[in-house]
Asks: 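Sharing a structure, written as structure tokens. Questions coming.
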Amino acid sequence: METNQNNIQKKKSKLKKFVFISLTVLIVGWFIYFFICGMTYSEGTRSGVLTKVSKKGYVFKTFEGELNVGGLNQGDGTIMPASIFKFSVEGEAIYNQLEKEQGKKVILHYKERIKSFFWQGETNYFVQKVTFVER
């Protein structure tokens with residue numbers, strides 16, 4: 001009878017150790033996820049002509065876009081070469097706003113993350129807010 005109780009206690013001890021290790025791994029994993037994919041590296045704005053917005057992905061649909069920030073007159077008669085800023089959009093509401101204003105001048109307010117997972121977006125630049133420029 002006593003060996004049965006010893007076996008039961010050993011199984012309980014192993015189960016407690018397994019639960020403790022599992023919880024520790026989950027907590028450390030969450031902190032790593034937050035640090036790598038949730039932490040903001042920089043914030044800023046970019047202005048230009050919105051050239052493309054799309055919903056991409058086979059399984060995880062993400063909202064992506066491109067902004068033409070080049071071709072601006074520098075005031076002294078020179079023109080900057082065309083430069084494309086690729087970005088991801090965090091929410092469908094912002095995506096819908098961008099879709100309606102394609103081809104127009106906009107100011108994008110974005111946050112740059114250290115790294116993004118494939119289900120968040122293709123780029124590390126995530127648009128938080130859009131300001132439309134009236135001409």
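FYI, side chains are in, hydrogens and waters are out, and symmetry mates aren't considered; it's all heavy atoms of this structure. No experiment lies behind these values; they were computed from the predicted model shown.
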Asks: Once rounded to the nearest 0.5 Å, what's the spacing between atom NZ of K129 and atom OG1 of T45?
Replies: 10.5 Å
Asks: Between atom CD of E99 and atom NZ of K55, what is the distance when rounded to the nearest 0.5 Å?
Replies: 9.5 Å
Asks: What do the steps show when you test V130 against I107 for side chain to side chain contact (heavy atoms under 4.5 Å, CB included), and what is the final call?
Replies: CA-CA 6 Å; V130 180; I107 300 172; over 6 Å; no
Asks: Quick one, V89 and L98 - any side-chain contact, counting heavy atoms below 4.5 Å?
Replies: yes
Asks: Are E64 and S54 linked by a side-chain donor-acceptor pair shorter than 3.5 Å?
Replies: no
Asks: Is it true that E122 and K86 have a side-chain N and a carboxylate O under 4.0 angstrom from each other?
Replies: no
Asks: Shortest non-hydrogen contact from F87 to E66?
Replies: CE2-N, 3.4 Å
Asks: In terms of hydrophobic clustering (I, L, V, M, F, W, Y; side-chain heavy atoms under 4.5 Å; direct or indirect links), are I32 and Y41 co-clustered?
Replies: yes
Asks: Without swapping roles, check the side chain of K17 against the backbone of S13 for a donor-acceptor pair under 3.5 Å.
Replies: no
Asks: When Ile, Leu, Val, Met, Phe, Trp and Tyr are grouped by side-chain heavy atoms lying under 4.5 Å apart, directly or through other members, which residues fall in the same group as I27?
Replies: W30, F31
Asks: Exactly one of N124, T123, T62 should register a side-chain hydrogen bond (donor to acceptor under 3.5 Å, both in side chains) with S88. Which one does?
Replies: T123
Asks: Any side-chain to backbone donor/acceptor pair from Q102 onto T51? Under 3.5 Å, distance only.
Replies: yes
Asks: On the six-membered ring of F126, is R113 placed so that its NZ or CZ lies under 6.0 angstrom from the centre and within 45° of the ring axis?
Replies: yes
Asks: Using the six-membered ring wherever Trp is involved, compare the ring planes of Y125 and Y110 and label them parallel, tilted or perpendicular (cut-offs 30° and 60°).
Replies: perpendicular
Asks: With a 4.5 Å limit on heavy-atom distance, are the side chains of V106 and T131 in contact?
Replies: no
Asks: Might you point out which heavy atoms bring V127 and I94 nearest each other, and give the distance in Å?
Replies: O-CD1, 3.9 Å
Asks: Test ring-ring contact (aromatic ring centres under 6.0 Å, His included) on F63 and Y95; report intermediate values, then the result.
Replies: CA-CA 7 Å; F63 304 110; Y95 169 77; 4.6 Å; yes
Asks: With a 4.5 Å heavy-atom cut-off, do E90 and Q128 have their side chains touching?
Replies: yes
Asks: Locate the shortest heavy-atom distance separating E101 from F132; write the atom from each residue and the value.
Replies: CG-CE2, 2.9 Å
Asks: Looking at side-chain heavy atoms only, is the closest gap between L108 and L67 below 4.5 Å?
Replies: yes
